[in-house]
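Once you've had a glance at the structure underneath, I'll fire off some questions.
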Amino acid sequence: MLSDSALLFIVLAPGLAALIAGLLKAYVGDRGAMVVTTGTVLLAGLLSFYQLFQFAFGGAHGAEDAVHTALQSHGPHVISLMTWIDVGLFQADWAIRVDALSIVMMAVITSVSGLVHLYSWGYMSEDPHRARFFAYLALFTFAMLMLVTADNFIQLFFGWEGVGLASYLLIGFWFTKPAPNDASIKAFVTNRVGDFGLALGIMAVFLVFGSVEFGPVLDAIRTNAELVPLALAAPGAVQDIVVPFLGQDLPALELIGVLLFIGAMGKSAQFFLHVWLPDAMEGPTPVSALIHAATMVTAGVYLVCLMSPVYEHAPVAAGMITLVGAVTAIYAATVGMAQNDIKRVIAYSTCSQLGYMFFAAGIGAYEAAMFHLFTHAFFKALLFLGAGSVIHGCHHEQDMRRMGGIARFMPLTYAAMLIGTIAIIGLGLPHTSLGFSGFFSKDAIIESAFSASLAGVSFAQLAFWLGITAALLTSFYSWRLIYMTFHGPRATGQDDHHDAGDTALDAAHGHAGDPHESPLVMLIPLGILAVGAMFAGVTFYDPMFHHGEAFWGEALYRAADNHVIHDIDTLKHDAAFSWVFWAPLVVTLVGFGLATFTYLFNRGIGQRIAESGGPLHSLFANKWYFDEIYQATLIRGSRELGEFFWKTGDKRIIDGFGPDGVTSLVRWGARRLSALHTGYLYHYAFVIIGAALIFGAVLFWRMGGAG
C-alpha cells in the first residue's frame, strides 16, 4: 500500500489543481491551467494503478494470500485529517478510508479522468474558456475521490453533492446555448429527487445507530449487535429493529436500504430517474466520457456495494435493486437501438450496463458488480472518446445518418471503436481466457444471476433472462453504430448537426471536405484505453471475481447463506447447465448477424423501418415517452400546483388577509378620515360642538345611571 502522503496526494491534489486553474487563471493562463490539472490527475492515476497492482498481485505467495493477509489483518486503513463535526453523538471526522473498494475506485477515477484531461487538450484546443473547463474537470475528479474515500455518511454526502455540482457545471459548460443550459438544470433537478432519498437514509441511519461513521454502523449489522436507537424504535438486535414509517412498522434495515438506493437511482440513472443521462450529452464529449465511464454514474453502484451488510439483511430492498436494475438494462438497450445521435447511443448503453451492475448487487454478487464497474470504465471511456474523435474528424457532426464510410479516413479511430465495441458486447469463448474485458465481467453477472435463481433469490430469474436479452440488443445497437458510422457510402448534401458550442472549432476547420484523423494528443488516450478494454478483464478476473472473497475482504460482506458466487464453479462442472455459459455468446452472435444483415448488406432496411414510424420503433425512438409523460404529469402538475399555492394560497389568502389586507384597511380608513380635513373653521367648530354634545350626553347618562 502507498504511504499516507501518496494517498493524500491522490485524493487532495486534484482539488488543489482545480483551485489553481479556476482562481489563478489570470496568472497561469489557459496553458498553465491545463498543465497543472492534467499533470496532477495523471500522476494521481499512475500512483493509483500502481497501488491497485500491488494490492492484487504484490504478494510473494500469490494474489490470494497477499490480499487475504492485508485485509483480514488490518481492515480498512483510515487517515484522519481533522474533526469535522462534534455535536453530542453526532460526530464525523474528515478522513480518508482506504480498502479494496476505494483502491479500485481510485484507480478507475484517476486513470480515466487523467486520460480525459489529456484528450481535452486536442478536443477543446480552440475553446476560449479552457482554464474554466479544466478547473471543472479537476473539481469533478476531486469530488468523486472524496466520495469513494469517505469514512462516514456526511463526507460521502459532501462528495455526492460535489459531483452533482461539478456535473451541472460541465454539462452546462456552453451555458449560452439553450440546450446545454436546459440539460444541466434537468440533471441537477432530477438528481435532487434521488438525493432527497439519500438524505433521509442517512437520517434514518443516525436515528437507529446513533452514528454516521461507516465502521460502527457496518460492524453492528455484521454482528447483529444490540442497539438502543435514538428515537422511533425500541431497543433490540439490529436485524430485528422496526421503525414506524408512513403509518407502517418497517424493518429498519429495509427502510434504510430502500432510501439509500433511491439516492443511487438518481446518481446512476436507473429506471424512472434515468431521464437526465441522455441529455447530459449536450456537454463537451470529454465530459460525457468522464460522467458515463468512471465517475458520477458509478457512485450509486459503489454505494450499494459499500452497504452490502445492509442489503444482505434487507431482502425486500435487495429485490427492489434487482428488479430496477434488470428493467433498466432492457429498457436502455431497446432505446439505444433507435437513436441516431452517436453520443446518445453510447449514453443509453451506459444506462443499460449500469442496470447489469445493479441487478448483480441486488442478487448478492457484489464482486461481479464491482468487476463489471471496473472493466466498463475502460471500454465505455474508449467508446465515448472514440465518438468524440469521430465528431471532431467529421467537422462536429453527431448524426450517424450523416456519416458513413469514414473508416478509410480515420483508421486509428475506427480500430479503437472496434475494440470498444467488441469489449462492450462481451465477445469471448466460454471456459477459456480468450475474450475482451466485457466478456469476463458481463458473463460473470449473467452466470451469477442464474446461480441466484436456482437458490430462489427474488427476481434473479427475471434478471437472468432480461440480461440475456439485453446482451442481444447490446450487440445489435453496437454494431449498428459501427456500420452506420464507418461503413457504407458517405452521406452528403445534408445539413450538419453540431456538438453544441463548437463554433470556434467550426471556424477553424470548416464543414466541407473529407473527415480527418484526430491529433495525436487525442489518439494516445484511445490507445491506452484500448489496452484496458482488451486485457483488464482477463488480468483481473481471478483476483476480483474468481478469488473475490480474498481480494475484497471486509469491504464486501456476504451473509452465511449467500452462496451465489461459490455455486458458479459447481454449475461449470454440471453438463445440464452448460447452456448457461454459452447463451451470452449465442445471443451476441445473433445480434451481430442481425445488425450486419440490416445495416451492412441491406442498409436501406433500417432506414425504411425508421421512416415507417411503426408503434414499436416510435416507442423506442421516443424513449418510451418518458419525457412526454413527465412533462404532462409531474412537470405540468408541479407548475399548476405551484401557481395555485402562489396565486391563491400566498397572494389571495395569506397576503390578502395578512399584510396586504391590513395595509389596505389602513389605507381605506386614512382616505375616509382625510376627508374631514377641509380647512374651513366652521367645519371644525361643528365637529367640536358635536363632539362636546356627544361626550356630554354620555357623561350625563353615566352619572344618571350611577344615581
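This structure is a prediction, so every number in the text was calculated from the model and none was measured. Just the heavy atoms: all of them, side chains too, but no hydrogens, waters or symmetry mates, feed the values below.
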- Distance-only, no hydrogens or angles: does the Trp276 side chain make a donor-acceptor pair with backbone N or O of Ala183 under 3.5 Å? no
- Query: Do Lys267 and Met296 come within less than 4.5 Å of each other through their side chains, counting heavy atoms only?
  - Reply: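 A side-chain contact exists here, since the closest heavy-atom pair is under 4.5 Å.
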- Query: Under 3.5 Å, is there a donor-acceptor pair between the Ser441 and Thr375 side chains?
  - Reply: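 Thr375 and Ser441 do have a side-chain donor-acceptor pair below 3.5 Å.
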- Task: Could you give me the CA-CA distance, side-chain angles and deciding distance for Phe378 and Ile528, then say whether side chain to side chain contact (heavy atoms under 4.5 Å, CB included) is met?
- Result: CA-CA 9 Å; Phe378 296 102; Ile528 297 173; over 6 Å; no
- Task: Say whether Thr149 and Ser102, considering side chains only, have a donor N or O and an acceptor N or O under 3.5 Å apart.
- Result: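 Ser102 and Thr149 do not have a side-chain donor-acceptor pair below 3.5 Å.
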- So, the side chain of Asn152 versus the backbone of Asp93: is there a donor-acceptor pair under 3.5 Å, distance only? yes
- Message: Checking side-chain polar atoms at under 3.5 Å, does Glu312 have a donor or acceptor matched by the opposite partner on Tyr366?
- Response: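 Tyr366 and Glu312 do have a side-chain donor-acceptor pair below 3.5 Å.
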- Message: Between Gln398 (side chain only) and Ile342 (backbone N and O only), is there a donor and an acceptor less than 3.5 Å apart?
- Response: no
- Query: Does Asp627 pair with Lys186 as a salt bridge, N-O distance under 4.0 Å?
  - Reply: yes
- Message: Any side-chain to backbone donor/acceptor pair from Ser80 onto Met82? Under 3.5 Å, distance only.
- Response: no
- Query: Relative to the ring of Trp84, is the ring of Phe158 parallel (under 30°), tilted (30 to 60°) or perpendicular (over 60°)?
  - Reply: perpendicular
- Message: For the backbone of Gly22 and the side chain of Arg132, can you confirm whether one donor and one acceptor N or O come within less than 3.5 Å of each other?
- Response: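 Checked: no pair found.
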- Query: Do other residues, nucleotides or ligands put more than 12 heavy atoms under 6.0 Å from the OH atom of Tyr168?
  - Reply: no
- Item | Pair Tyr331-His274, side-chain donor/acceptor within less than 3.5 Å | yes
- Query: So do the side chains of Phe175 and Leu169 get within less than 4.5 Å of each other, counting heavy atoms only?
  - Reply: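 Side chain of Phe175 against side chain of Leu169, heavy atoms only: no contact under 4.5 Å found.
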- For residues Ala470 and Ser352, report the shortest heavy-atom separation together with the two atoms involved. CB-OG, 4.4 Å
- Message: Before we go on, tell me: are the rings of Phe261 and Phe358 under 6.0 Å apart, centre to centre?
- Response: yes
- Query: Can you tell me how far CD of Gln51 sits from CD1 of Ile10, rounded to the nearest 0.5 angstrom?
  - Reply: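 Reported to 0.5 Å precision, the distance equals 5.5 Å.
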- Rounded to the nearest 0.5 angstrom, the OG-CH2 distance for Ser184 and Trp174 is 13.0 Å
- Message: Is it the case that over 12 heavy atoms from other parts of the model lie below 6.0 angstrom from the OH atom of Tyr625?
- Response: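 Atom OH in Tyr625 is crowded, with more than 12 foreign heavy atoms closer than 6.0 Å.
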- Query: Is there a side-chain contact between Leu7 and Val98 (heavy atoms, below 4.5 Å)?
  - Reply: yes
- Kindly indicate, with the supporting measurements, whether the criterion side chain to side chain contact (heavy atoms under 4.5 Å, CB included) is fulfilled by Gln91 and Ile85. CA-CA 5 Å; Gln91 298 178 351; Ile85 300 173; over 6 Å; no
- Looking at Phe188, does the NZ or CZ of Arg192 lie under 6.0 angstrom from its six-membered ring centre and within 45 degrees of the ring axis? yes
- Between Lys380 and Ser349, do the side chains contain an N or O donor and an N or O acceptor separated by less than 3.5 Å?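 Looking only at side-chain atoms, Ser349 and Lys380 do form a donor-acceptor pair, the distance falling under 3.5 Å.
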- Message: Tell me whether Trp465 at atom CH2 has more than 12 heavy atoms from other residues, nucleotides or ligands lying less than 6.0 Å away.
- Response: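 Count not over threshold, so no.
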- Does Ile256 reach the side chain of Leu260, with side-chain heavy atoms less than 4.5 Å apart? yes
- Query: Gln353 pairs by side-chain hydrogen bond (donor to acceptor under 3.5 Å, both in side chains) with which of His372, His376, Lys442?
  - Reply: His372
- Item | Interatomic spacing from CD1 in Ile79 to CG in Leu8 - rounded to 0.5 Å |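 One gets 4.5 Å once the value is rounded to the nearest 0.5 Å.
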- Message: Any side-chain to backbone donor/acceptor pair from Asp99 onto Leu101? Under 3.5 Å, distance only.
- Response: yes
- Item | Separation of Tyr477 OH from Phe620 CZ (nearest 0.5 Å) |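 It is 13.0 Å, given to the nearest 0.5 Å.
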- Six-ring centre of Phe214, Arg97 cation under 6.0 angstrom, axis tolerance 45°: no
- Measure from the side-chain N and O atoms of Thr40 to the backbone N and O of Thr37, and report whether any donor-acceptor pair falls under 3.5 Å.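 Here the side-chain-to-backbone pair does not exist.
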- The reported gap from OG1 in Thr190 to CG in Leu273 (rounded to nearest 0.5 angstrom) is 7.5 Å
- Can you check whether Met105 reaches Phe374 side chain to side chain, under 4.5 Å on heavy atoms?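 No, every pair of side-chain atoms sits at 4.5 Å or beyond.
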- Does Phe271 have its ring centroid less than 6.0 Å away from the ring centroid of Phe626?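 Ring-ring flag for Phe271/Phe626: true, centres closer than 6.0 Å.
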- Task: Could you check if a side-chain atom of Phe209 sits within less than 4.5 angstrom of a side-chain atom of Ile241, using non-hydrogen atoms only?
- Result: no
- Item | Full working for ring-ring contact (aromatic ring centres under 6.0 Å, His included) between Phe545 and Phe440 | CA-CA 9 Å; Phe545 181 71; Phe440 295 95; over 10 Å; no
- Thr141 side chain to Leu137 backbone, donor-acceptor under 3.5 Å: yes
- Minimal heavy-atom distance between Lys343 and Thr285, with the atoms involved, is NZ-OG1, 3.3 Å
- Message: Walk me through whether Thr328 and Leu354 qualify under side chain to side chain contact (heavy atoms under 4.5 Å, CB included).
- Response: CA-CA 8 Å; Thr328 302; Leu354 287 166; 5.8 Å; no
- Item | Atom pair OH/CZ of Tyr136 and Phe133 - distance to nearest 0.5 Å | 11.0 Å
- Task: May I have the step-by-step check of side chain to side chain contact (heavy atoms under 4.5 Å, CB included) for Val163 and Phe142, ending in yes or no?
- Result: CA-CA 9 Å; Val163 171; Phe142 168 70; over 6 Å; no
- Task: Would you check if the side chain of Tyr302 reaches a backbone N or O of Val148 as a donor-acceptor pair within less than 3.5 Å?
- Result: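 Yes: the side chain of Tyr302 pairs with the backbone of Val148.
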- Task: Could you tell me which non-hydrogen atom of Ile171 sits nearest to which non-hydrogen atom of Pro180, and how far apart they are?
- Result: O-CB, 3.7 Å
- Tyr557 and Pro309: which non-hydrogen atoms are nearest, and at how many Å?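 Of all heavy-atom pairs spanning Tyr557 and Pro309, the closest is CD2-CA, 3.4 Å.
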- Item | N/O donor-acceptor pair under 3.5 Å between Glu254 side chain and Val316 backbone |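 Such a contact is found between Glu254 side chain and Val316 backbone.
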- Query: Is any side-chain heavy atom of Ile262 closer than 4.5 Å to a side-chain heavy atom of Leu198?
  - Reply: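 No, too far: nothing below the 4.5 Å cut-off.
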- Taking the six-membered ring for Trp, are Phe55 and Phe551 ring centroids under 6.0 Å apart?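 Ring centres of Phe551 and Phe55 closer than 6.0 Å.
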- Task: Indicate, with yes or no, if the rings of Tyr356 and Phe359 have centres closer together than 6.0 Å.
- Result: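 Yes; Phe359 has its ring centre under 6.0 Å from that of Tyr356.
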- Heavy-atom side-chain proximity of Thr298 to Ile109 below 4.5 angstrom: no
- Query: Can His117 and Thr38 be counted as having a side-chain donor-acceptor contact under 3.5 angstrom?
  - Reply: no
- Considering all heavy atoms of both residues, which atom of Ile291 and which atom of Val297 are nearest to each other, and what is their separation? O-CG2, 3.1 Å
- Message: Taking the six-membered ring for Trp, are Phe90 and Phe206 closer than 6.0 Å centroid to centroid?
- Response: yes
- Which heavy atom in Ile363 sits nearest to a heavy atom in Ala360, and how many Å separate them? CG1-O, 3.1 Å
- Identify whether the distance between the nearest side-chain nitrogen and carboxylate oxygen of Asp279 and Arg344 falls below 4.0 Å. yes
